[in-house]
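Order of the sequence lines fixes the chain letters, A, B, ..., with proteins taken first and strands second; residue numbering starts at 1 for each chain.
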There are 2 protein chains.
Amino acid sequence: MAARGRPRQFDRQEALRKAMDLFWRKGFDNTSIADLTDRLGLSPPSLYAAFGSKEQLFREALDLYAQTDGSGIWNHLETAPTAKEAVHRLLRATAERYTASNPARGCMIVLSAPQMEGGNTAICGELKARRQENVIQLEERLRQAVEEGELTPATDVAALASYFATVQQGMSIQARDGASRETLLAVADYAMAAWGTAP
Amino acid sequence: MAARGRPRQFDRQEALRKAMDLFWRKGFDNTSIADLTDRLGLSPPSLYAAFGSKEQLFREALDLYAQTDGSGIWNHLETAPTAKEAVHRLLRATAERYTASNPARGCMIVLSAPQMEGGNTAICGELKARRQENVIQLEERLRQAVEEGELTPATDVAALASYFATVQQGMSIQARDGASRETLLAVADYAMAAWGTAP
DNA sequence: CATTATTTATAGCAGTCGATATATAAATTC
DNA sequence: GAATTTATATATCGACTGCTATAAATAATG
């Protein structure tokens with residue numbers, strides 16, 4: 001049973017991907033409705049009918065990012081054989097992804113809305129929650145490593161997770177500022193020196 | 001010889017400091033002229049007569065930041081007895097400053113304008129240049145350490161500088177997201193494990 | 001005093017923002 | 001075919017943006 005009225009003349013998923021690219025490159029505030037309608041080839045009413053609002057469109061684009069480009073980084077926490085190898089792969093994947101122009105350098109979740117007062121509070125909160133969720137994933141993988149004996153029980157799991165998160169998030173800044181892939185891969189390797197040490 | 005016309009009824013330096021606070025907390029785009037005139041207690045014409053434009057006011061506020069809060073972090077590169085101690089102090093000072101509410105968590109140069117397309121290109125470029133200048137300072141201090149024998153000549157100075165810059169800049173994100181002072185101090189200590197290792 | 005110079009407050013400029021009212025076009029259902 | 005439903009394009013809406021023209025207020029200068 002086909003839809004009742006006039007069929008939509010654009011591919012919703014393709015439009016969503018283009019919106020993700022725009023938000024990723026320009027951020028939430030700097031991407032205007034006019035930017036979106038131009039790039040997506042839609043009129044404003046079509047965009048609003050399909051996605052609700054700029055904020056809802058951003059949230060959908062964020063989900064798409066997390067399921068595609070973002071996933072390729074954080075899934076290593078679950079697939080690598082050891083915790084050390086997991087973190088190493090996570091950081092090296094970060095270095096590679098953030099320096100591929102796909103379509104923007106750095107992480108959409110870190111860069112697309114500055115964590116500031118005065119902006120869109122809901123969007124900033126959503127991005128912050130996703131960043132913290134990644135830190136918690138890291139923390140849980142490290143805690144598991146302690147339980148399995150890969151790390152000493154004296155390990156300050158929270159601090160170590162924050163350290164690796166600091167490096168992972170800092171790479172977004174370095175990537176946007178033009179750091180090369182080789183440099184960021186070396187950064188990932190340097191970062192691993194903290195493994196097994198007590199601060 | 002006093003000024004000729006009607007004297008200005010506000011303290012320019014105090015107004016500048018308040019503007020710095022606002023830009024630091026809310027960023028360049030999210031701080032409107034209305035925000036500034038409200039907080040500084042000025043009418044728009046007074047603000048423009050004293051500072052020229054929003055962009056020029058931001059640049060002055062940025063200079064003030066670099067000379068005050070920013071300086072307290074990076075001056076350790078020149079004052080510490082060894083390069084290792086210099087970097088360690090730099091990172092620990094970062095942890096302490098970014099977690100003091102003075103008036104905002106994290107670094108104004110990293111956070112106050114997202115390095116994005118579509119925003120104020122000149123401002124973004126200015127902030128990027130200042131970040132890169134810090135990386136170069138780090139790099140030169142490490143190169144000096146190689147020359148003095150503190151680091152082995154095989155050291156990849158550029159990559160090591162990028163690594164410490166990554167940690168230093170990443171702390172801005174962690175601080176804005178609520179990381180505690182103790183956690184960031186531990187991050188600074190963990191980061192030093194890379195000293196003297198080859199990636 | 002009158003003149004000149006500078007700052008002040010009021011009001012509003014043109015432009016952009018996100019979002020929509022209205023009317024037309026294109027499909028299914030009856 | 002007529003009626004219904006949905007998508008489209010045009011033309012805005014009110015609110016806000018950075019910024020400024022105008023004129024009143026307050027000082028030194030002559």
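Ring orientation note: the planes of Trp24(A) and Tyr65(A) are nearly perpendicular, at an angle over 60° on the 30°/60° scale.
Look at CD on Gln9(A): it is 8 Å from P on dA26(C), rounded to the nearest Å. Residue Arg4(A) contributes atom CZ, which lies 13 Å from atom P of dA7(D) at whole-angstrom precision. Atom CD1 of Ile123(A) is separated from atom P of dG18(C) by 12 Å (rounded to the nearest Å). dT8(D) atom C1' lies 17 Å from atom CZ of Arg12(A), rounded to whole Å. For the pair Asn30(A) CG and dG18(C) P, the computed distance is 10 Å after rounding to whole Å. Straight-line distance from the CG atom of Leu47(B) to the C1' atom of dT17(D): 14 Å, rounded to whole Å. Rounded to whole Å, the distance from CZ on Phe10(A) to P on dA26(C) is 17 Å. Residue Leu40(B) contributes atom CG, which lies 13 Å from atom P of dA9(C) at whole-angstrom precision.
Counted within 6.0 Å of NZ on Lys18(B), heavy atoms from surrounding residues, nucleotides or ligands total more than 12; the atom is thus considered enclosed.
Looking only at side-chain heavy atoms (C-beta outward), Val167(B) and Tyr190(B) stay at 4.5 Å or farther from each other.
Connection of Leu111(A) to Leu127(B) is not established within any shared hydrophobic cluster, with ILVMFWY side chains joined at heavy-atom distances below 4.5 Å, either directly or through further cluster members.
Which of dA27(D), dA26(C), dA25(D) sits closest to the side chain of Pro7(B) comes down to dA27(D).
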Using side-chain hydrogen bond (donor to acceptor under 3.5 Å, both in side chains), reason through Tyr98(A) and Gln168(A) one step at a time and then give a plain yes or no. CA-CA 10 Å; Tyr98(A) 288 6; Gln168(A) 204 272 336; 3.0 Å; yes
Show, in sequence, the C-alpha distance, side-chain angles and deciding distance for Leu57(B) and Leu16(B), and conclude whether the side-chain contact (heavy atoms from CB on, under 4.5 Å) test is met. CA-CA 8 Å; Leu57(B) 173 55; Leu16(B) 180 59; 3.8 Å; yes
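Side-chain N/O atoms of Arg8(A) include one lying less than 4.0 angstrom from OP1 or OP2 on dA7(D). Distances shorter than 4.0 Å separate some side-chain N or O of Ser46(A) from OP1 or OP2 on dT8(D).
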Review item, nucleotides 18-22 of chain D N/O atoms under 3.5 Å of protein N/O:
unit_1, atom_1, unit_2, atom_2, d
dG18(D), OP1, Thr31(B), O, 3.4
dG18(D), OP1, Lys54(B), NZ, 2.7
dG18(D), OP2, Ile33(B), N, 2.8
dC19(D), OP2, Tyr48(B), OH, 2.7
dC19(D), OP2, Lys54(B), N, 3.1
dC19(D), O5', Tyr48(B), OH, 3.1

Under 3.5 Å, side-chain donor or acceptor atoms of residues 133-141 of chain A against the rest of the protein: list the pairs with distances, not counting sequence neighbours.
unit_1, atom_1, unit_2, atom_2, d
Glu139(A), OE2, Arg143(A), NH2, 3.4
Arg141(A), NE, Leu77(A), O, 3.3

